[in-house]
Amino acid sequence: MVSSKHIPVMLNEVLQALAPRDGETYVDATFGNGGYTEAILKSANCRVISIDRDPFVLERAEELKSIYGDRFTFVSGTFSQIDSLISSPVNGIVFDIGVSSMQLDNPERGFSFSKEAPLDMRMSQAGLSAKDIVNSLNEQDLADLIYKYGEERKSRQIAHAIVLYRNQKPIETTTELAQIIYSVLPKKREQIDPATRTFQAIRIAVNDELQQLEDGLQGALNITLPEGRIVVVDFHSLEDRIVKSFFAENANKKVHVSRYKNTTNADENTSSKPFSFASKVVLPTEEECSVNPRARSAKLRYAIKRKEQINE
């Protein structure tokens, strides 16, 4: 069991944003090692439904089920299908986006460039693996993928190096791929590992993470009750851009209306958005970052659904 190693990121801020209350139902859309789930269950006499596509989390889910009984339900699946997996409206939903520390810490999963392992990266253990992608995409498509999802400026050179290497033999392990990247971007002390962006890009592609996030946010909006809350913790700019845009597009803009203008149209527009409030970004404390390095890149945003239902 890896529970002792896992530290939920921005836990206090998540609980404050979600504001669990007795008798209500919440969804942990990214169960992982159950850190948020257990904290929510402890904070109020409420019910939590947790979702995860990773089969490795089932043991931890069974452990929480044995403690909390009917107050806890686990559902296998992707959070992009949240509105079909959850049959009844809920009072709040929390997402922790991206790869979890328990996935990174397990060498067999192939997520980490610092551990020798088969090149896998599949959260669900199904579908195309990272090995399939790096050995099958043509050089142009591979370069585009690394640039789009990793924001890697040396994407063309890295893709070229990958293709040259795989012409000799297939790329099979995480460290093999990392060494190819280092041939283009040598490692330097006290700087982010040069393999980080490329590994991120491949992982996002393998798990279709950005589309999953877009679908998950819309699904969450569909099943959240009036005055319910959606809380998202993300870890890189591509994810945060999606979350920020989604909340902004579905919340009222704060505009100054001149007292000399007819306000009828403005009033109609302010009642059309599903969120009554969308927060600014919330960052982790310096104290948390010093204890839990994973928190350094975390950003939290949340929104509150309008009191009245929107009839379209």
Side-chain angles (χ1 to χ4, degrees), residues 9-10 27-32 51-54 77-85 93-101 103-104 109-113 119-134 136-137 140-155 158-159 177 192 195-224 230-251 275 278-279 281 294 296-303:
V9 171
M10 299 185 74
V27 175
D28 181 352
T30 48
F31 177 72
I51 300 170
D52 209 298
R53 57 175 159 175
D54 189 339
T78 61
F79 61 68
S80 63
Q81 302 169 312
I82 190 170
D83 50 352
S84 60
L85 294 173
I93 300 169
V94 60
F95 295 84
D96 177 1
I97 304 302
V99 65
S100 75
S101 57
Q103 290 165 333
L104 286 172
R109 306 300 301 277
F111 285 99
S112 175
F113 44 78
L119 193 56
D120 194 325
M121 301 192 193
R122 294 172 299 172
M123 292 180 181
S124 65
Q125 297 292 283
L128 289 176
S129 68
K131 177 183 173 181
D132 297 325
I133 286 177
V134 299
S136 64
L137 285 188
Q140 181 63 55
D141 289 344
L142 193 55
D144 290 346
L145 183 153
I146 294 169
Y147 183 78
K148 179 180 179 181
Y149 295 143
E151 300 177 301
E152 173 56 71
R153 288 176 294 178
K154 297 286 187 179
S155 60
I158 291 170
L177 177 59
I192 186 171
T196 300
R197 293 181 182 275
T198 299
F199 268 67
Q200 171 188 294
I202 295 168
R203 190 202 78 225
I204 288 173
V206 167
N207 297 290
D208 194 23
E209 291 179 32
L210 300 186
Q211 188 61 54
Q212 292 272 334
L213 176 56
E214 291 182 11
D215 294 345
L217 290 171
Q218 184 59 55
L221 177 58
N222 294 342
I223 66 168
T224 301
I230 299 174
V231 183
V232 185
V233 178
D234 60 57
F235 294 88
H236 64 73
S237 59
L238 296 175
E239 298 167 343
D240 193 58
R241 206 172 296 145
I242 291 170
V243 177
K244 181 180 179 181
S245 296
F246 180 80
F247 283 169
E249 290 166 4
N250 288 287
F275 291 131
S279 76
V281 66
R294 182 173 180 254
R296 290 173 187 161
S297 58
K299 293 181 179 179
L300 182 151
R301 299 180 190 273
Y302 72 99

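From a predicted model like this one, the values you see are computed outputs, not experimental measurements. Here, residue 1 is the first one in the sequence, and each next residue gets the next number.
For the atom pair CD1 of Ile133 and NZ of Lys131, the computed distance is 13.5 Å after rounding to the nearest 0.5 Å. Summarising the geometry, atom CG belonging to Leu119 is positioned 5.5 Å from atom CG belonging to Leu177; distances are rounded to the nearest 0.5 Å. For the atom pair CG (Asn250) and CD1 (Ile230), the distance works out to 8.5 Å, reported to the nearest 0.5 Å. To the nearest 0.5 Å, atom OG of residue Ser80 and atom CZ of residue Arg53 are 7.5 Å apart. With rounding to the nearest 0.5 Å, the separation of CG in Leu128 from CG in Asp120 is 11.0 Å. Taken from CD in Glu152 to CD in Gln200, the straight-line distance is 10.0 Å, to the nearest 0.5 Å.
Listed here is the closest heavy atom pair of Ala298 and Met10: CB-SD, 3.9 Å. Here the closest non-hydrogen pair linking Ile93 and Ala29 is CG2-CB, 4.2 Å. For the pair Ile82 and Gly219, the tightest heavy-atom approach, listed with the atom from each and the gap, is CG2-C, 3.5 Å. In plain terms, the two heavy atoms of Ala278 and Ala251 that are nearest each other are CB-CB, 3.9 Å. Closest of all the heavy-atom pairs between Asp132 and Ser129 is OD2-N, 2.9 Å. Across all their heavy atoms, Ile146 and Ala159 have their closest contact at CD1-N, 4.5 Å.
Partners of Ser136 by side chain to side chain contact (heavy atoms under 4.5 Å, CB included), not counting sequence neighbours: none found. Among residues two or more places apart in sequence or in another chain, the salt bridge (charged side-chain N to carboxylate O under 4.0 Å, His left out) test is passed with Lys299 by Asp240. Remark: Leu85 pairs with Ile51, Val75, Gln81 by the side chain to side chain contact (heavy atoms under 4.5 Å, CB included) rule, at least two apart or across chains. The salt bridge (charged side-chain N to carboxylate O under 4.0 Å, His left out) search around Glu151 returns Arg241, not counting sequence neighbours. Partners of Tyr147 by side chain to side chain contact (heavy atoms under 4.5 Å, CB included), not counting sequence neighbours, listed by chain and number: Ser155.
With contacts defined as side-chain heavy-atom distances shorter than 4.5 Å, the pair Phe95/Val243 does not qualify. At least one side-chain heavy atom of Ile204 sits under 4.5 Å from a side-chain heavy atom of His236. The shortest distance between side-chain heavy atoms of Val27 and Phe79 does not fall below 4.5 Å. Side-chain contact between Leu213 and Phe246 is absent, with no heavy atoms from C-beta onward closer than 4.5 Å.
Contacts classified as salt bridge (Lys or Arg N to Asp or Glu O under 4.0 Å) and involving residues 141-150 (residues at least two apart or in different chains) are not found.
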Going through the checks in order, is the side-chain contact (heavy atoms from CB on, under 4.5 Å) test met by Leu217 and Leu221? CA-CA 6 Å; Leu217 290 171; Leu221 177 58; over 6 Å; no
Show the numbers, then the answer: is there a side-chain contact (heavy atoms from CB on, under 4.5 Å) between Ile242 and Asp234? CA-CA 10 Å; Ile242 291 170; Asp234 60 57; over 6 Å; no
Show your reasoning for whether side-chain contact (heavy atoms from CB on, under 4.5 Å) applies to Tyr149 and Arg203. CA-CA 9 Å; Tyr149 295 143; Arg203 190 202 78 225; over 6 Å; no
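Looking only at distances, a side-chain donor or acceptor of Ser279 sits under 3.5 Å from a matching main-chain atom of Tyr302. With hydrogens and angles disregarded, a donor-acceptor distance shorter than 3.5 Å links the side chain of Glu239 to the backbone of Phe235. The closest donor-acceptor contact from the side chain of Asp83 to the backbone of Ile223 lies at 3.5 Å or more, if one exists at all.
A salt bridge links Arg294 and Asp96; the closest N-O separation between the charged side-chain nitrogens and carboxylate oxygens is under 4.0 Å.
Considering Val134, Asn207, Leu137 as possible partners of Ile202, the one that fulfils the side-chain contact (heavy atoms from CB on, under 4.5 Å) test is Val134.
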